[in-house]
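Report on one structure; see the data block that follows.
To find a chain, count down the sequence lines: A is the first, B the second, and so on, and within it residues start at 1. Because the structure is a prediction, the values reported are computed rather than measured.
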Number of protein chains: 2
Amino acid sequence: MNPQALDLTNKLTQFHEYWAPRTITEFNGHDVMVVKICGDFTWHSHADTDDFFFVLQGTMFIDLPDDVVVQINPGQIFVVPRGVPHRPRAPEEVHLLLIEPSGTPNSGDIATAAPRRWL
Amino acid sequence: MNPQALDLTNKLTQFHEYWAPRTITEFNGHDVMVVKICGDFTWHSHADTDDFFFVLQGTMFIDLPDDVVVQINPGQIFVVPRGVPHRPRAPEEVHLLLIEPSGTPNSGDIATAAPRRWL
């Protein structure tokens, strides 16, 4: 254990790519990650895990079935239940905290998923 | 699923008691909670779960064995690994996001734990 708090703003200065989450610590078999996003992601779902989004900066949207759109502002959380198709998108740059079971493909498909990277 | 983002600042205006976490949503069998703390908690540990702290407002400290002290400022995260004794404390009021498996006693002991409450 490294007995030091992890500063999210500091972590987010250390990389610039979009849609490339960085693991900053682990929690009960999950990766705790920061990520920068901009633009539209693909529609996907995760059969085995809920999807946790916490917006730190900027405003993002998550498209859900039946034309439902969830807006997430800074300081807001949204959890997409497992199995629910969704499309994250960000008209402008957004900084996020994500939590997913270690090894979860971010695209829902291991073939197109971002690799696991630590900060 | 309620397709609406959860606003942490808004949730935190809805109660005032210290050390009384409120569940705002669930994620992979965990409670996602907000809590206000002030003063010293008890030394305790959780045999079966890591302990996730994300400070939203104020500055808190977590005492660890061997006189190690971790300071956590707003925007910072610290995870206490399972089994590690720790004492959270806050000289002044602190607002936190906590994530724990649903049913985890916050004191490490079901006899003294805060009840599970939803917001």
Side chain, backbone, both or neither of [X] within contact of chain A (heavy atoms, under 4.5 Å):
X: B:Leu64; answer: side chain
X: B:Phe54; answer: side chain
X: B:Leu97; answer: side chain
X: B:Val84; answer: side chain
X: B:Asn10; answer: neither

Are [Y] and [X] co-members of a hydrophobic cluster defined by side-chain heavy atoms under 4.5 Å apart?
X: A:Leu6; Y: A:Phe15; value: yes
X: A:Met60; Y: A:Val34; value: no
X: B:Leu8; Y: A:Val32; value: yes
X: A:Tyr18; Y: A:Leu98; value: yes
X: B:Val80; Y: B:Val55; value: yes

Heavy-atom cut-off 4.5 Å, strictly under: side chain, backbone, both or neither for A:Leu56 against chain B? side chain
Do you know the tightest heavy-atom contact between B:Val68 and A:Pro3? CG1-CB, 3.6 Å
Which heavy atom in A:Ala5 sits nearest to a heavy atom in B:Val70, and how many Å separate them? N-CG1, 3.8 Å
Kindly check if the number of other-residue, nucleotide or ligand heavy atoms within 6.0 Å of CG (B:Asp48) is above 12? no
Give a yes or no on this: more than 12 heavy atoms of other residues, nucleotides or ligands lie within 6.0 Å of atom CD of B:Glu92. no
For A:Asn28 and B:Thr49, indicate whether the former's side chain and the latter's backbone hold a donor-acceptor pair under 3.5 Å. no
Quick one: CG on B:Asp7 to CD1 on A:Ile72, what's the gap to the nearest 0.5 Å? 11.5 Å
Report yes if the side chains of A:Thr25 and B:Phe52 come closer than 4.5 Å at any heavy-atom pair, otherwise no. no
With chain A, which of B:Gln71, B:Gln4, B:Lys11 has the greatest number of heavy-atom pairs at distances under 4.5 Å? B:Gln4
Taking the six-membered ring for Trp and the single ring otherwise, decide whether the centroids of A:His30 and B:Phe27 are under 6.0 Å apart. yes
